Amino acid sequence: MFLAFSVSPSEARIEGNATAVEGDTLILTCSADYPGKPAGDFHWIKPNGERKKGPHLTLEKLNVNDDEGLYQCYMGNAYFNGTLGTHTLI
């Protein structure tokens, strides 16, 4: 008999500066202590609703009007999404 189970990824955290100068490049990093079972992928939600995938989010040539706001990331697998991590860029 084979028993398979799925586990949700742990809560995500975002590391990176909360303030930046217009025109700079900023890299935000999303991490989680446990990737879940099966292992999940990192997902980003930008303030404008755009979505990206991967552990790093690079913001090039920062623009206050376009890039300021709440950034969210989470780790999700085929069955569950972990808890969102948030980061506000001002």
Side-chain angles (χ1 to χ4, degrees):
M1 182 173 163
F2 177 73
L3 181 63
F5 63 95
S6 301
V7 179
S8 176
S10 63
E11 181 176 355
R13 293 180 306 283
I14 300 175
E15 296 177 19
N17 290 338
T19 59
V21 176
E22 190 157 358
D24 280 356
T25 295
L26 178 67
I27 299 172
L28 300 176
T29 301
C30 188
S31 62
D33 291 332
Y34 181 69
K37 185 171 179 156
D41 296 312
F42 289 104
H43 301 268
W44 290 92
I45 305 169
K46 294 173 68 175
N48 65 4
E50 182 182 354
R51 294 175 178 262
K52 298 281 185 176
K53 204 172 182 181
H56 305 287
L57 180 65
T58 302
L59 307 170
E60 296 180 342
K61 298 180 184 173
L62 287 172
N63 179 303
V64 173
N65 295 325
D66 296 334
D67 297 315
E68 184 176 64
L70 182 68
Y71 288 80
Q72 303 173 57
C73 79
Y74 65 92
M75 182 170 255
N77 62 25
Y79 304 100
F80 302 103
N81 288 333
T83 305
L84 284 172
T86 62
H87 184 86
T88 302
L89 180 62
I90 53 174

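This structure is a prediction, so every number in the text was calculated from the model and none was measured. Side chains included, hydrogens not; waters and symmetry mates left out as well; all remaining heavy atoms used.
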Exercise. When hydrophobic residues are tied together by side-chain contacts of less than 4.5 Å, even through go-betweens, does L57 share a cluster with I14?
Worked result: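 Per the 4.5 Å side-chain linkage, L57 and I14 are co-clustered.
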Exercise. So if you build clusters from Ile, Leu, Val, Met, Phe, Trp, Tyr with side-chain heavy-atom gaps below 4.5 Å, do L28 and L62 land together?
Worked result: yes
Can you tell me how far apart [atom1] ([X]) and [atom2] ([Y]) are? Round to the nearest 0.5 Å.
X: T19; Y: L89; atom1: OG1; atom2: CG; value: 8.0 Å
X: I27; Y: E60; atom1: CD1; atom2: CD; value: 8.5 Å
X: D24; Y: N63; atom1: CG; atom2: CG; value: 12.5 Å
X: C73; Y: E15; atom1: SG; atom2: CD; value: 10.0 Å
X: D66; Y: E22; atom1: CG; atom2: CD; value: 9.0 Å
X: C30; Y: M75; atom1: SG; atom2: CE; value: 7.5 Å

For this session: Compare every heavy atom of S6 with every heavy atom of Y79, then report the nearest pair and how far apart it is.
Result: CD1-OG, 3.2 Å
Under a 3.5 Å distance rule, please check whether [X] uses its side chain to pair with a backbone N or O of [Y] as donor and acceptor.
X: S10; Y: D33; result: yes
X: W44; Y: G54; result: yes
X: H87; Y: N17; result: yes
X: D67; Y: K46; result: no

Side chains of [X] and [Y]: does their closest heavy-atom pair fall under 4.5 Å?
X: P47; Y: Y71; value: yes
X: T29; Y: H56; value: yes
X: T58; Y: T25; value: yes
X: V7; Y: F80; value: no
X: S31; Y: P55; value: no

